[in-house]
Amino acid sequence: MRFRVAVGNDHYRVEVKEPGMIVVNGRPYHVDLNKDSLLVNNRSYEISSLEEENGLPTLISVNQELYRLEIEEAEKLAVRRKIERLEEKEEGTIISPMSGQIISVEASEGERVNKDEVILILEAMKMESEVFSPKEGRIKEIRVAKGDMVNTGDVLAIIE
Amino acid sequence: MRFRVAVGNDHYRVEVKEPGMIVVNGRPYHVDLNKDSLLVNNRSYEISSLEEENGLPTLISVNQELYRLEIEEAEKLAVRRKIERLEEKEEGTIISPMSGQIISVEASEGERVNKDEVILILEAMKMESEVFSPKEGRIKEIRVAKGDMVNTGDVLAIIE
Amino acid sequence: MFKKILIANRGEIAVRIIRACRELGIQTVAVYSSVDRASLYVKLAHEAYFLGGPQPKESYLNMRKIIEIAKSSGAQAVHPGYGFLAENPKFVKLCEKNRIKFVGPDSRTMERVGNKLLARKIVEEAGVPIIPGSKEPIKSNKEARDLARRLGLPIIIKAAYGGGGRGLRRVNRLKELPSLLKVARLEARVSFDDPALYIEKYIRNPRHIEVQILADEHNNMIHLGERDCTIQRRYQKLLEETPSPVVDEKLRNRLGEAAVKVAKAVEYTNAGTVEFILDERKNFYFIEINARIQVEHSVTERVTGIDLVKAQIRLATGERLRFRQKDISLDGCAMECRINVEDPLNDFAPSPGTIRNLRFPGGLGVRVDSSIYSGYTIPLYYDTLIAKLTVWGKDREEVIRRMGAALNEFIIEGVKTTVPLHKAILCERDFQRGKISLSFIERHRLLKRLKVNNRASEKIAVITGCLLAYQNRKGTPLKREKKRENLWRRGFAESKWRRGLKKI
Amino acid sequence: MFKKILIANRGEIAVRIIRACRELGIQTVAVYSSVDRASLYVKLAHEAYFLGGPQPKESYLNMRKIIEIAKSSGAQAVHPGYGFLAENPKFVKLCEKNRIKFVGPDSRTMERVGNKLLARKIVEEAGVPIIPGSKEPIKSNKEARDLARRLGLPIIIKAAYGGGGRGLRRVNRLKELPSLLKVARLEARVSFDDPALYIEKYIRNPRHIEVQILADEHNNMIHLGERDCTIQRRYQKLLEETPSPVVDEKLRNRLGEAAVKVAKAVEYTNAGTVEFILDERKNFYFIEINARIQVEHSVTERVTGIDLVKAQIRLATGERLRFRQKDISLDGCAMECRINVEDPLNDFAPSPGTIRNLRFPGGLGVRVDSSIYSGYTIPLYYDTLIAKLTVWGKDREEVIRRMGAALNEFIIEGVKTTVPLHKAILCERDFQRGKISLSFIERHRLLKRLKVNNRASEKIAVITGCLLAYQNRKGTPLKREKKRENLWRRGFAESKWRRGLKKI
């Protein structure tokens, strides 16, 4: 099975020949993966997959250091690129950066806002976090009110 | 819901009135069970259920001390006693010792069998258990066939 | 000795107090808010009582309810831990009124040390140096400006009843003064219910040095050496050690004597800490008294061998101190790293969540104090400290190496923590040489180095990712569970990027 | 300093050695058998190599393979831990031949101390008391009988190359002698590959006291005080402490001097232990030298502050001792409980299995050394030690109370352990008073007290059971997962019963 992997600006061509043999950029490695333990040519690493998307790991820890990967199955490359372009368009969605309570709403629907203008203030664990507008535009919708509890990833507002 | 419980030689009559209220031998207790933490009239215990049978715990640890319990639902007591008495009489009744699948029937109706002769083989979680004839006699009836799923207490066969 | 103590706190300090009580054979009464039912300290206590909603005002600050529970449960004393009601004179008074022993100084002393301006005055009269500044609360912008001119800029604005960095502002230019006074006053009112402010001269490259003291109710008082708490972020301590790499025997004695003098001046009893600022020329200035057990008490415990929480409880019974100053010797070095659920890469934003995978370090010289366990969900409502890693070594080099090894063993998955930041601190040459000041983290740009995608094991990450992808494609059942949680993390990372912070 | 060390061992001692190497900046090479791939030490090491099948002969005793891996991986030294090849002169020789430094004494010393009769002879010549007995291996039953008559009964039969209680027999009556000699000889042959036996006088109510020594390769040698290892079951240590409650300063010096004399007589280098028997009148007799790190080294580490494994590695590089005898002082008391997967209620039968729920104790003075983690399956093939709990206190009373509190916090589910036995030991008045001997556990019938269904919390167990039954009937989704496991256990229990085993 072949993959293409990007880590920051670095790119890798990878082929998993069998569970015990992997080729990275043409170089073969003996590997032995046992739950959270990985041996690569007998070097021992503690690994963990922290995030996945469609069965493809996106955040890996190696000896507690984090790596953000973009893995693509070589066959499916073309399809993915199209989806990415679609996602980029909807950059006006403001998503909650953490779980917490809305302690203040600083803007209202219909209002015009600048990039980096404060829209809401969130509180969690005795700390306040301001949530900014990602771009200049008009607030189409604010989905929360003061006092609401929100979870990470909840849509808070939409800028158009 | 009412229960009778035996711990060694001690017997208890218990009624769970609601999840937060229990009556043991006529005395009420406020309880709050949260995973492995139990508060009884505000006293805090670390508890764990180590073994269960038909949803009835049989081995409990309280602050790391072990207790072996026999719990019976009170409503079913009468019925059970009847069955037990029946069983005593009909010592030729073969009851399933566990939930599982019949993977083989080793005897057939009308056949004469000796005490401890294998009648059936049951399987659960990769473990096979042989089911023996409790006495010498003739197989009057076999109520299950290969492949059947059975529950604990089901009558499997009758020897006369 | 008390038969039963109520612990008016939560988290790791509640666990710490329960351990001390267990050793002393004292029964413990825990109190909990609605989000703390599954907390470790509730499990470990003998009794546990529900307080109220998650907001501190409904629960851990609910004085009447706590007193009521203490009385109905038969607790003879209340241990306040740190934070919440630990330094609240009203609560101490309420305990006294209800004949429940408060484990700490009495209400008179608490009032005296709680008012920072009053404390400054008493300390100055006792002959211990204080930072030059105002003797009364600032009444007008003009008064502030005059004082600032006299002291020379920069100056620091502080809340009279403050703590934890709130109400604190540094003023570099005179024209900033009015607006910063306004902000600080607002913060002081919101945080401490009193807008009173005062002004102090700003000390360059200061170190934060504090001295642990123990005092019985019979006028005996000793100090247990200093702690260097200079590694901070946003005025919050992050790493503490004893002895301080810049304090020699002579300075230690002078600091200790000053601390005892301060404590005597306020008629202090029980365990407490006298905080000083040490300038570049090793002049020290009194800042404040912390009238409670401190988070970082563990380092002093290790080098003195004295169980400070047990000592607190014994002193509260009226017992005399078991040691004199000459019995105290300091053995080796100890260091504590505060493990907080905060994301150092994202401006220390709190990172509450569920602990998925947890491994504490162990072995020689390694102590862990924590209230978390695998599967525990850290609530949103309280502070971010979830574990304290305290390490001992014969000398500072051994401590640093051992702490590094211990941090490398530490696994906490499911939340973001300060563990990587601590590793970065330990690797810093200047830290290893003991050359630190309050601005160490900013000055060394440590946060910038905490990058995701360190090149070192990048290829291993690639191999791991592809092997897991391969396994997933070939269909291993294990993976399915993980997906749900991962969405949560994805959202988090994404929002960072959206906020314009660097992409992680 | 070495750049890379191979650890020819597994389990907790491999983890312990890795920690020392990490502090020293040394890379570690682990070796593992087929059942140890998921072990903690494999994860923590820098490199890991497969050795062979689960049987020790195929793996951890496979000298050639280990040497081969050391050479191919570039390891400059081998640390043998304890057990396996730790005291095997052949292996030491093989290391020497291959120019790999063996962390321990050289092969000549190893041979000398391995032959117990030879060691006895050397020690006696050095003027250190030994237990009266045979000077040569027993050649005939007649010789044994004559010797037994001369020494007076009871006597002890021992294997010349023995250890760990095997080949050991107590003879109370002369007529038992021939049959017991036969059994012991057989055991000695099977266990140590040499049937040679010797005979010693039996000492009544003895205590097992050992002295830790450190020796460099430049004739410097010091001792680090004693350990009292008297609490044993079947000649296996269970709980150790330092200082011994019966050893005073004067006796400590005499024991220490004797130990150093013994070690010098065999030209000992590196860390080692000299074992003595102490009789009721406080006469001591040399028993043997353990030419390796001991399981219980942690208690000595705590009171001396010396990292013994780091010291071993430094000494193996040829470094001189960093301390002289006068630099050594003992701070407080330390005690270790060995947590074994054994069922004390069932004649200490091994209890391998999968760890389902695990919580280590923590806090002040508590050290845990362990190789287990939640979800880890303990293999059947090796010894039962899975964790060491070492606790420090200012005095013995504090240690006992703190150890008790720590044991109460310790949760290990899925296997049976010695934790309940340790709790029972600590509760025993005679133990608290320090009145112990090698037969303490039998004499106090501790095993009989470890019953299931202790009355104390019986009602709580009943309440728990009924609440869970109620939840199950009402159908809580959480419970479903559990049921599956329980069926397995039920099937297991039941099938045992059907097979005529005792109902569990």
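Keep in mind that what you see is a predicted model, and the values were worked out from it rather than measured. Proteins come first, then strands; the chains are lettered A, B, ... in the order of their sequence lines, and each starts at number 1.
- The part of Ala45(D) that comes within reach of chain A is its backbone (N, CA, C, O), which places non-hydrogen atoms under 4.5 angstrom from that chain.
- Legend: residues meeting ring-ring contact (aromatic ring centres under 6.0 Å, His included) with Tyr49(D), ordered by chain and number and at least two apart, are absent.
- In this structure, no portion of Asn63(A) lies under 4.5 Å from any heavy atom of chain D.
- With sequence neighbours left out, Phe2(D) forms a ring-ring contact (aromatic ring centres under 6.0 Å, His included) with no residue at all.
- The stretch residues 72-81 of chain D places none of its residues near chain A, where near means some heavy atom under 4.5 Å from a heavy atom of that chain.
- Under a 3.5 Å cut-off, the side chain of Arg37(D) and the backbone N or O of Ser37(A) do form a donor-acceptor pair.
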### Task
Evaluate the criterion side chain to side chain contact (heavy atoms under 4.5 Å, CB included) for residue pair Glu47(D) and Asn41(A); output intermediate values, then yes/no.
CA-CA 9 Å; Glu47(D) 297 173 29; Asn41(A) 287 349; over 6 Å; no

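- Residues of residues 10-33 of chain D lying under 4.5 angstrom from chain A, judged on non-hydrogen atoms, are Gln27(D), Tyr32(D) by number.
- At most 12 non-hydrogen atoms from other residues, nucleotides or ligands lie less than 6.0 angstrom from NZ of Lys416(D).
- Between the CG atom of Asp32(A) and the CZ atom of Phe50(D) there is a distance of 10.0 Å, given to the nearest 0.5 Å.
- Put simply, the side chain of Asn34(A) never gets that close to the backbone of Ala38(D): no donor and acceptor are under 3.5 Å apart.
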